[in-house]
Number of protein chains: 2
Amino acid sequence: MTGLLATTLTTKLTVSNLLDGDDIRAIQSLPIRTRNIDALHVIVADGDRPAECCLLTEGFAFRAKTTFDGQRQVLSMHIPGEIPDLQSLHLKVMDHDLTSLTRCTTGFIPHDALRQLNRERPNVAAALWRETLIDAAIFREWIVNVGRRSAAARMTHLLIELYRRLEAVGLAKSGAFELPITQSLLGDCLALSTVHVNRVLQDLRGAGLLTVNRANFQLLQQEKLEDMAGFDGAYLHQAPSI
Amino acid sequence: MTGLLATTLTTKLTVSNLLDGDDIRAIQSLPIRTRNIDALHVIVADGDRPAECCLLTEGFAFRAKTTFDGQRQVLSMHIPGEIPDLQSLHLKVMDHDLTSLTRCTTGFIPHDALRQLNRERPNVAAALWRETLIDAAIFREWIVNVGRRSAAARMTHLLIELYRRLEAVGLAKSGAFELPITQSLLGDCLALSTVHVNRVLQDLRGAGLLTVNRANFQLLQQEKLEDMAGFDGAYLHQAPSI
DNA sequence: CGGACTGTTGATTCGAATCAAAACCGGTGG
DNA sequence: CCACCGGTTTTGATTCGAATCAACAGTCCG
């Protein structure tokens with residue numbers, strides 16, 4: 001693994017973990033297969049038994065489950081630097097879909113190579129484990145979002161979360177970020193109908209709290225938005241080793 | 001660690017992981033502090049920085065978040081054999097509460113000891129990691145439950161999940177299990193009001209699908225219940241190493 | 001026996017879904 | 001260049017599931 005792919009992963013892991021030079025070199029020598037993926041393409045499907053993990057380098061992806069009666073619930077959004085299906089390393093069968101939102105650049109790393117790395121470099125294993133735990137922390141907050149917040153607070157909370165995560169990897173600043181997501185998919189994230197998503201966004205725009213043109217989101221009054229969403233970023237565990 | 005505590009943990013981990021004799025001996029020699037905890041007592045609180053993990057040996061516990069306006073959302077239920085705060089090993093600050101539902105027998109294991117064990121015995125590290133990944137899989141299904149299912153389906157899905165998990169550790173059979181949970185707490189699990197929980201349970205009883213007297217739940221028509229809940233147990237990842 | 005949860009019932013309200021249709025857009029091909 | 005098309009966004013009218021409000025009954029326990 002060299003170039004962008006290596007940088008993406010090592011940057012992510014060294015920010016919040018204590019890796020030494022050997023750890024980083026071991027990561028950089030992982031075998032990796034680069035692949036470009038079209039928008040809205042199922043990368044790994046529910047029921048699959050993948051033999052590799054997918055490192056997202058460019059573009060966005062999301063994980064979702066579909067109920068037997070065809071309703072879809074998005075479980076998480078994924079941004080560059082993440083390995084959305086890292087859990088497949090220890091859970092053989094996928095229990096949900098991983099889908100590209102936009103065109104993506106990805107790197108596939110064989111499970112075997114990752115297992116060997118984990119065995120030889122406990123620091124790296126701990127860092128990767130930690131990433132899956134942050135994942136779980138985000139799921140927990142997602143449960144609260146869908147279960148307990150009003151439609152407007154739900155929307156706001158999701159947008160702030162995305163902003164914070166994108167900001168942390170340099171893909172957003174000053175409250176602005178690019179995310180080519182439809183209102184329908186936002187509805188599947190928030191367990192709201194498309195119609196209601198539209199109305200909520202209009203209310204938020206009307207209140208002067210944000211703007212949205214196509215894929216461009218601009219959070220205008222972050223303080224106020226955080227208040228109305230009851231947002232506390234602690235669950236993102238972004239501070240180094242905290 | 002000896003006796004019941006050791007048995008609880010090693011049973012759990014050996015069922016679905018490949019541990020050898022040395023692994024098991026290493027687990028059994030973990031230092032552990034036994035403690036009894038009263039019902040409805042906060043074991044680890046949001047914001048805490050625990051230095052040990054809590055192995056649940058007897059009794060039930062749950063994890064929950066409270067929003068700034070005082071609403072509570074239960075995130076998961078925990079049964080004997082589980083380590084509900086294992087994530088604290090790598091995420092220093094708790095982002096939710098862990099609370100006992102009933103009187104519990106617990107064993108506290110220092111993080112230091114667990115870290116050393118993970119370093120020396122990669123098999124054990126993988127087994128523990130896997131437990132946290134199953135945790136996350138259950139969170140994902142919980143999102144779907146709260147986000148996409150009707151009140152009745154939600155209730156049913158939760159009860160079947162609990163039954164399956166209890167059955168797997170020998171604490172339930174023939175559709176029956178003991179769980180001293182109030183309707184109010186069930187509401188906090190399902191994001192429903194207490195009143196509505198009551199009505200849904202009456203409907204299910206009325207349809208002859210289950211009975212509830214105090215803490216005793218009896219699922220009468222499991223097939224039918226699974227159908228109406230859209231239950232697919234794959235997300236519990238109970239089959240050994242699958 | 002009294003008090004505090006817990007469970008139950010009925011009446012009413014409300015947030016969001018649903019249904020239906022129009023307006024808007026970005027592309028495609030004639 | 002314009003007509004057309006599918007997907008997306010927007011608007012309005014109506015319905016519905018669950019919340020809320022308000023009592024009351026049951027149960028446990030000191």
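Each chain gets a letter, A, B and so on, in the order the sequences are listed, and its residues count up from 1.
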- Message: Counting only side-chain nitrogens and oxygens, does A:N198 get under 4.0 Å of the OP1 or OP2 atom of D:dT10?
- Response: yes
- Rounded (10°) bend between the five-pair end axes of the helix from C:dC1-D:dG30 to C:dG30-D:dC1: 30°
- Message: So B:R149, base contact, sugar-phosphate only, or nothing? Heavy-atom distance under 4.0 Å.
- Response: nothing
- Item | Charged N-O contact under 4.0 Å between A:E52 and A:R35 | no
- Query: In whole angstroms, how far is the P atom of D:dG12 from the NE2 atom of A:H196?
  - Reply: 16 Å
- Item | Atom-to-atom span, CG of A:L40 to C1' of D:dG7 - whole angstrom | 12 Å
- Is there a side-chain contact between B:S76 and B:V74, using heavy atoms and a 4.5 Å cut-off? no
- Message: Can you tell whether the side chains of B:E178 and B:R214 come within less than 4.0 Å, N to carboxylate O?
- Response: no
- Message: Using whole Å, what does the distance between atom P of nucleotide D:dG7 and atom CG of A:L101 come to?
- Response: 17 Å
- Message: If the cut-off is 4.0 Å, is A:Q183 near the phosphate of D:dG7, judged by side-chain N/O to OP1 or OP2?
- Response: no
- Query: Do you know which two heavy atoms are closest between A:V146 and B:I143, and how far apart they sit?
  - Reply: CG1-O, 4.5 Å
- Query: Going 5' to 3' along nucleotides 21-30 of chain D, which nucleotides have protein heavy atoms under 4.0 Å from the base (write B), which only from the sugar-phosphate (write S), and which from neither (write -)?
  - Reply: B-----SS--
- Query: In terms of ring plane angle, is the pair A:H157 and A:Y235 parallel, tilted or perpendicular, where the classes change at 30° and 60°?
  - Reply: parallel
- Just checking A:R205: base, sugar-phosphate only, or nothing, at a heavy-atom cut-off of under 4.0 Å? sugar-phosphate
- On a heavy-atom basis, the closest approach of B:A136 and A:F139 is O-CD1, 4.0 Å
- Item | Which atom of A:H78 lies closest to which atom of A:R165, heavy atoms considered | CA-NH2, 4.1 Å
- If you take all heavy atoms of A:A176 and A:Q218, which pair is closest and at what distance? CB-OE1, 3.2 Å
- Message: Minimum heavy-atom separation for B:D95 and A:A137, please, with both atom names.
- Response: OD2-CB, 3.4 Å
- Query: Using a heavy-atom cut-off of 4.0 Å to chain B, what are the terminal contacting nucleotides of DNA chain C, in 5' to 3' order?
  - Reply: C:dT6 to C:dA11
- Message: Under 4.0 Å, counting only non-hydrogen atoms across every strand here, what does B:A152 touch: a base, just sugar-phosphate, or nothing?
- Response: nothing
- Ion pair present between A:K173 and A:E167, side-chain N to carboxylate O less than 4.0 angstrom? no
- Message: Using a heavy-atom cut-off of 4.0 Å across all strands, would you classify B:T194 as base, sugar-phosphate, or nothing?
- Response: nothing
- Message: Please find the pair of heavy atoms, one from B:G233 and one from B:R164, that lie closest to each other, and give the distance.
- Response: CA-NH1, 4.2 Å
- Message: Quick check on DNA chain C: between B:T182 and A:S193, whose nearest nucleotide comes earlier from the 5' end?
- Response: B:T182
